[in-house]
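Here's the structure we're looking at; comments come further down.
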Amino acid sequence: MSRKKVVLLGATGSIGGSTLRVLRAHPDRLQLVGVAANGNHTELAGICREFDVRHAVLSSEPAYRAARQADDFPKGTELDCGSAALEALATLHEADIVLVAVVGAAGLRPTLAAIEAGKDIALANKELLVLGGAHVIEAAQRKGVRLLPTDSEHNAIFQCLQGHPPEQLDKLILTASGGQFRDTPVSELSGVTPGMATQHPNWSMGPKITVDSATMANKGLELIEAHWLFDLEPERLEVVIHPQSVVHSFVQFIDGSILAQLSPPSMTFAIQHCLLYPDRAPGVEPTTDFRKTFSLDFKAPDYTRYPCLQLAYDALRTGGAAPAIFNAANEIAVERFLAKEIAYLDIPKLIEHSLTKVASHSEPSLDQLLQTDTETRALAQGHTF
Ligand code: NAD
Ligand code: MG
């Protein structure tokens, strides 16, 4: 069997680490041919050594210079730097599939480049779909490449939909853990610190998505992601709080039957499903064990606790560039919160402010979306409370 050749964008992050575990378990099926990271050159060099990777990119110029100075990359690895190099890596001739696990809107250009080059995409990054979903989906359909959802909810839905024509589908129900402040009295949320907001009870993830889970901006981004991936209007997309994070989402059919996909809260299940698709192989860790007693709980989200979720629904209904504004404002709000410039409860306020102030377009071109993204970032960066 020939090995599937994988490019991993965001190799040093949380999804990157889970992907390496999957790659270690299946050396006979998967080969890592290219890796990228932003700034952690020592870790990236280690990955290149372990997996004998031929092509590596560091987006950060200072990190690239430091790597050159340290001379710690193996001789067989070609190291490059910057955003053009990132796009080139995403289109690498020998690659079969590109796993996009960089965080934020920075993932959009390399993903579009990979699609144009005919590569299948395993998509962990959700922000790029929220920003440029229409363009990404159009390009993927035009080029006939697979867009494999790696975000656990969308991967669950993708698995449940196999073999069912779209006309049989009624709605999608995305599960959400409710984050670390699920049971904190709303009156105490004003005192939430970055240290508290970057600890998740179920999932071990990067800092940005962990804060997004607490505010449920993450589920908001995922609603918009689901809209693009599965072509459904907001009325047919629901969210339910499920504290155990074992059911990764539900699909409800027109006859009322509901299917779900379950596994413990680890991204290795979704990542492996995408990388080996349509094949399956033993997983890298134990799955849900029904010999042990446990319960699964579900409840409707409370929008006063999670205003970001309401804002995301509103942005999706408004359409045009509104989701791009939501995403950019949220990225800056989280950055500023982590830098202790704004309070936790300012995150939804900054998003709402941006949605009212930045002009939207009804059917924005890619350039207009990128301009809206830049404009929103500038506004959200400069806004004071
Ligand atoms: P992270 O912060 O742990 O890792 C981000 C990775 O991207 C790092 O390797 C970093 O070096 C790299 N990176 C950042 N900017 C870059 C740039 N400009 N060029 C090249 N590399 C760059 O983030 P994460 O938690 O792994 O999340 C990655 C993406 O996957 C996010 O979009 C997130 O929403 C999504 N996602 C994550 C999880 C999870 O469990 N962590 C689950 C579902 C979806
Ligand atoms: Mg998710």
Side-chain angles (χ1 to χ4, degrees), residues 7-21 34-44 46-47 56-61 63-64 67 80-90 98-111 113 121-131 149-158 172 174-179 198 200 202-213 216-226 229 239 242 245 247-249 261 263-271 274 327 330-331 334-335 338:
V7 165
L8 173 57
L9 308 182
T12 58
S14 159
I15 292 282
S18 297
T19 304
L20 298 178
R21 290 180 64 201
V35 287
N38 190 35
N40 192 337
H41 66 89
T42 313
E43 198 177 330
L44 196 68
I47 294 168
V57 170
L58 282 162
S59 287
S60 144
E61 186 96 35
Y64 175 77
D80 212 336
C81 159
S83 50
L86 191 64
E87 284 181 40
L89 185 75
V98 178
L99 198 154
V100 185
V102 299
V103 58
L108 181 60
R109 290 256 187 228
T111 302
I121 307 289
L123 193 60
N125 176 305
K126 59 198 83 180
E127 295 91 348
L128 74 89
L129 267 190
V130 176
L131 169 58
T150 312
D151 204 349
S152 54
E153 296 75 5
H154 307 75
N155 184 264
I157 292 164
F158 179 68
L172 305 178
L174 277 72
T175 52
S177 70
T198 45
H200 198 280
N202 306 350
W203 297 92
S204 159
M205 310 183 285
K208 196 253 174 188
I209 184 174
T210 307
V211 177
D212 285 351
S213 294
M216 271 179 83
N218 181 51
K219 213 49 53 180
L221 295 169
E222 290 181 355
L223 282 173
I224 303 169
E225 185 185 8
L229 287 171
V239 171
H242 165 46
S245 302
V247 175
H248 296 299
S249 277
Q261 182 266 347
S263 63
S266 160
M267 290 304 295
T268 58
F269 293 94
I271 292 167
C274 291
N327 178 61
N330 180 57
E331 279 194 41
V334 173
E335 253 174 55
L338 291 175

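Counting starts at 1 for both ligands and their atoms, in listed order. Only heavy atoms go into these numbers, but all of them, side chains included; no hydrogens, no water, no symmetry mates.
- Listed by atom number, the atoms of ligand 1 under 4.0 Å from Ala11 heavy atoms are 9 (O).
- If you check which protein heavy atom lies closest to atom 9 (O) of ligand 1, you get Thr12 OG1, 2.7 Å.
- Of the residues Leu338, Asn218, Val103, the one that meets the side-chain contact (heavy atoms from CB on, under 4.5 Å) test with Lys208 is Val103.
- Side-chain N or O atoms of His248 include one that pairs as donor or acceptor with a backbone N or O of Ser263 at under 3.5 Å.
- A distance-only check finds no donor-acceptor pair linking the side chain of Ser59 to the backbone of Gly82 [under 3.5 Å].
- Distance from atom 29 (C) of ligand 1 to its nearest protein heavy atom, with residue and atom name: Val102 O, 3.5 Å.
- Counting heavy atoms from C-beta outward, Phe269 and Ser152 have side chains that stay 4.5 Å or more apart.
- Looking at atom 32 (O) of ligand 1, its nearest protein heavy atom turns out to be Glu127 OE1, 2.6 Å.
- Between the side chains of Ser213 and Trp203, no donor-acceptor pair of N or O atoms lies under 3.5 Å.
- For the residue pair Asn40/Thr12, the side-chain donor-acceptor check at 3.5 Å is not satisfied.
- In this structure, Asp80 contributes its side chain and Val57 its backbone to no donor-acceptor pair below 3.5 Å.
- Protein heavy atom nearest atom 20 (C) of ligand 1, with residue, atom name and distance: Ser59 OG, 3.0 Å.
- On a distance-only criterion, Leu86 and ligand 1 share no N/O pair closer than 3.5 Å.
- When hydrogens are left out, the protein atom nearest atom 4 (O) of ligand 1 is Gly13 CA, 3.1 Å; that is the closest non-hydrogen contact.
- Counting only distance, with no hydrogens or angles, the side chain of Glu331 and the backbone of Gly104 share no donor-acceptor pair below 3.5 Å.
- In this structure, the protein non-hydrogen atom closest to atom 41 (N) of ligand 1 is Ser14 OG, 3.1 Å.
- A donor-acceptor pair is defined here as one N or O able to donate and one able to accept, closer than 3.5 Å; no such pair exists between the side chain of His41 and the backbone of Leu58.
- The residue among Glu43, Glu225, Met205 with a heavy atom at the shortest distance from atom 40 (O) of ligand 1 is Met205.
- Listed by number with element, the atoms of ligand 1 under 4.0 Å from a non-hydrogen atom of Ala124 are 30 (O), 35 (C), 36 (N), 44 (C).
- With hydrogens and angles ignored, the 3.5 Å screen pairs a side-chain donor or acceptor of Asn125 with a backbone N or O of Val102.
- The shortest contact between atom 25 (O) of ligand 1 and any protein heavy atom is with Gly206 N, 2.9 Å.
- In the vicinity of Ala106, heavy-atom distances shorter than 4.0 Å reach the ligand 1 atoms 18 (N).
- Every atom of ligand 1 with a heavy atom of Asp151 under 4.0 Å away is listed here by number and element: 43 (C), 44 (C).
- Ligand 1 has no nitrogen or oxygen under 3.5 angstrom from a nitrogen or oxygen of Ser204.
- When the heavy atoms of Val35, Asn38, Thr210, Leu9 are ranked by distance to atom 11 (O) of ligand 1, first place goes to Asn38.
- With the Mg ion (ligand 2) as vertex, Glu153 OE1 and Asp151 OD1 subtend 100°, rounded to 10°.
- Ile209 CD1, 3.9 Å is the protein heavy atom nearest to atom 33 (C) of ligand 1.
- The Mg ion (ligand 2) lies closest to atom OE2 when only the N/O/S atoms of Glu222 are considered.
- Checked options Lys219, Lys126, His154; the residue passing with Glu225 is His154 (criterion: side-chain hydrogen bond (donor to acceptor under 3.5 Å, both in side chains)).
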